[in-house]
Amino acid sequence: MEDGRGLDLIKLTTDKLSTDAVSESVTCSSCGAISLFIGTTRDHFEGKRVVQLEYEAYVPMAELEMRKICADVRRRWPTVRHICIHHRLGVVPVTEASVIIGVSSPHRSDSLEAVKYGIDALKSTVPIWKKEIYESEEPCWKENSECLWTGSRAERKTT
Amino acid sequence: MNTEVTVLYFAKSAELTGVKSEIIRVNSELTSLQLWQELEHKHPKLSAVREQVVLAVRREYVSVGEQVVRLRHGDEVAVIPPLSGG
């Protein structure tokens with residue numbers, strides 16, 4: 001795995017995510033750091049008890065946008081070695097991981113910064129949606145604050 | 001000139017239309033706002049999310065506005081509500 005280009009590993013799956021699998025997939029002997037971000041599902045929102053979460057994606061476009069994030073990471077942190085982004089779809093029981101991002105680099109600062117950039121970019125650009133199902137209220141499609149077109153069109157941050 | 005495109009609906013927009021995908025005939029050159037209006041005409045309930053969506057044309061984001069969109073037969077268009085991945 002030491003020769004050739006760094007890997008961009010993207011996966012959207014209805015299977016349970018594995019932190020070990022993500023960590024192992026970015027392992028490289030020339031790297032002193034693997035940074036991981038694990039996004040997990042909460043059991044409450046504004047006092048409402050969440051009993052279930054469901055994710056759906058525009059899969060081919062989501063994969064395309066995730067690849068763009070990998071390319072952006074490599075432009076910003078050229079020493080980054082491997083990048084892995086796994087996102088879960090379908091029903092996700094509370095407390096389980098909905099997303100795991102792993103990045104390896106020779107020194108820790110690059111992979112730590114790259115992982116933060118990666119999750120922020122994913123929330124703002126990758127076409128995936130989460131629906132929260134509550135114990136005693138109507139289900140609700142969530143909106144990321146990072147999304148560029150949340151809120152009214154007049155207040156758009158994009159043109 | 002009209003052309004046939006596939007329209008995909010996601011999340012809240014799919015709940016409002018009751019369909020996840022459909023084939024429609026539209027003018028092959030129109031603004032993204034006119035394209036949205038075609039969808040809203042077909043599914044009046046979509047007006048509820050008018051201010052909160054963007055479109056994707058051939059898997060690239062296009063905001064709803066004056067931008068001219070050129071469509072070819074078989075192109076994929078999608079209605080993209082606010083994102084909530086992660």
Side-chain angles (χ1 to χ4, degrees), chain A residues 12 37-41 45 53-69 85 87-89 97-101 118-132 138-159, chain B residues 5-24 31-37 39-40 43 45-69 71-72 74-86:
Chain A
L12 294 159
F37 171 79
I38 306 168
T40 55
T41 49
F45 176 73
L53 296 105
E54 289 175 22
Y55 284 86
E56 72 171 65
Y58 181 5
V59 171
M61 184 168 168
E63 289 172 345
L64 207 64
E65 291 294 328
M66 286 156 90
R67 294 209 177 276
K68 285 183 190 172
I69 292 171
I85 309 175
H87 201 297
R88 188 152 171 198
L89 300 178
S98 52
V99 60
I100 304 179
I101 301 180
I119 184 59
D120 289 347
L122 182 144
K123 281 176 165 278
S124 73
T125 64
V126 178
I128 299 177
W129 298 272
K130 172 170 73 175
K131 185 182 185 174
E132 282 183 350
E138 286 296 296
C140 178
W141 288 101
K142 307 298 290 179
E143 299 183 6
N144 289 338
S145 58
E146 296 86 350
C147 177
L148 299 174
W149 60 92
T150 307
S152 83
R153 188 158 292 142
E155 295 163 10
R156 290 264 166 84
K157 288 163 253 175
T158 51
T159 51
Chain B
V5 300
T6 300
V7 185
L8 306 177
Y9 299 95
F10 293 97
K12 176 98 175 172
S13 70
E15 289 182 351
L16 292 169
T17 61
V19 293
K20 293 217 141 203
S21 97
E22 64 185 350
I23 292 170
I24 64 163
T31 68
S32 57
L33 178 60
Q34 288 168 332
L35 176 56
W36 167 258
Q37 286 164 345
L39 303 178
E40 202 180 299
H43 302 284
K45 285 183 180 171
L46 281 176
S47 63
V49 293
R50 185 190 296 154
E51 298 296 320
Q52 292 133 37
V53 297
V54 300
L55 300 176
V57 176
R58 294 183 291 274
R59 300 174 185 169
E60 290 284 341
Y61 291 118
V62 179
S63 59
V64 177
E66 295 309 305
Q67 184 175 341
V68 174
V69 173
L71 297 168
R72 297 183 293 261
D75 271 353
E76 198 170 272
V77 169
V79 173
I80 312 280
L83 306 178
S84 44

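Numbered from 1 within each chain, the chains take letters A, B, ... in sequence-line order. Keep in mind that the numbers below use all heavy atoms, side chains included, and drop hydrogens, waters and symmetry copies.
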*Residue A/A57 versus chain B: region with a heavy atom under 4.5 Å*: backbone

_Separation of B/Q52 CD from A/E143 CD (nearest 0.5 Å)_ = 6.0 Å

*Minimum-distance pair of heavy atoms, taken over all atoms of A/M61 and B/A56*: SD-CB, 3.7 Å

_Region of B/E15 in contact with chain A, defined by heavy-atom distances below 4.5 Å_ = side chain

*If you tally heavy-atom pairs under 4.5 Å against chain B, which of A/A97, A/A62, A/P60, A/S124 wins?*
A/P60

_B/L8, part contacting chain A, at a heavy-atom distance under 4.5 Å_ = side chain

*Pick one of side chain, backbone, both or neither for A/E54, based on which atoms fall under 4.5 Å of a heavy atom in chain B.*
neither

*Give a yes or no answer on whether the side chain of A/Y55 reaches the backbone of B/G86 with a donor-acceptor pair at less than 3.5 Å.*
yes

*chain B contact via A/T40 - side chain, backbone, both or neither, heavy atoms under 4.5 Å*: neither

*Which residues satisfy the side-chain contact (heavy atoms from CB on, under 4.5 Å) test with B/K45, sequence neighbours excluded?*
B/L16

*asked:* Which heavy atom of A/T125 sits nearest to which heavy atom of B/L83, and what is that distance?
replied: C-CD1, 3.6 Å

*Give the minimum heavy-atom separation between B/R59 and A/Y58, together with the two atoms involved.*
CG-OH, 3.4 Å

*asked:* With a 6.0 Å cut-off (strictly less than), is the heavy-atom count around NZ of A/K130, excluding the residue itself, greater than 12?
replied: yes

*Where does A/K123 contact chain B at under 4.5 Å (heavy atoms): side chain, backbone, both or neither?*
both

*Check A/W129 against B/P82 and note the closest heavy-atom contact, atom names and distance.*
CD1-O, 3.1 Å

*Would you confirm whether A/W149, through its side chain, and B/I80, through its main-chain N or O, come within 3.5 Å as a donor-acceptor pair?*
yes

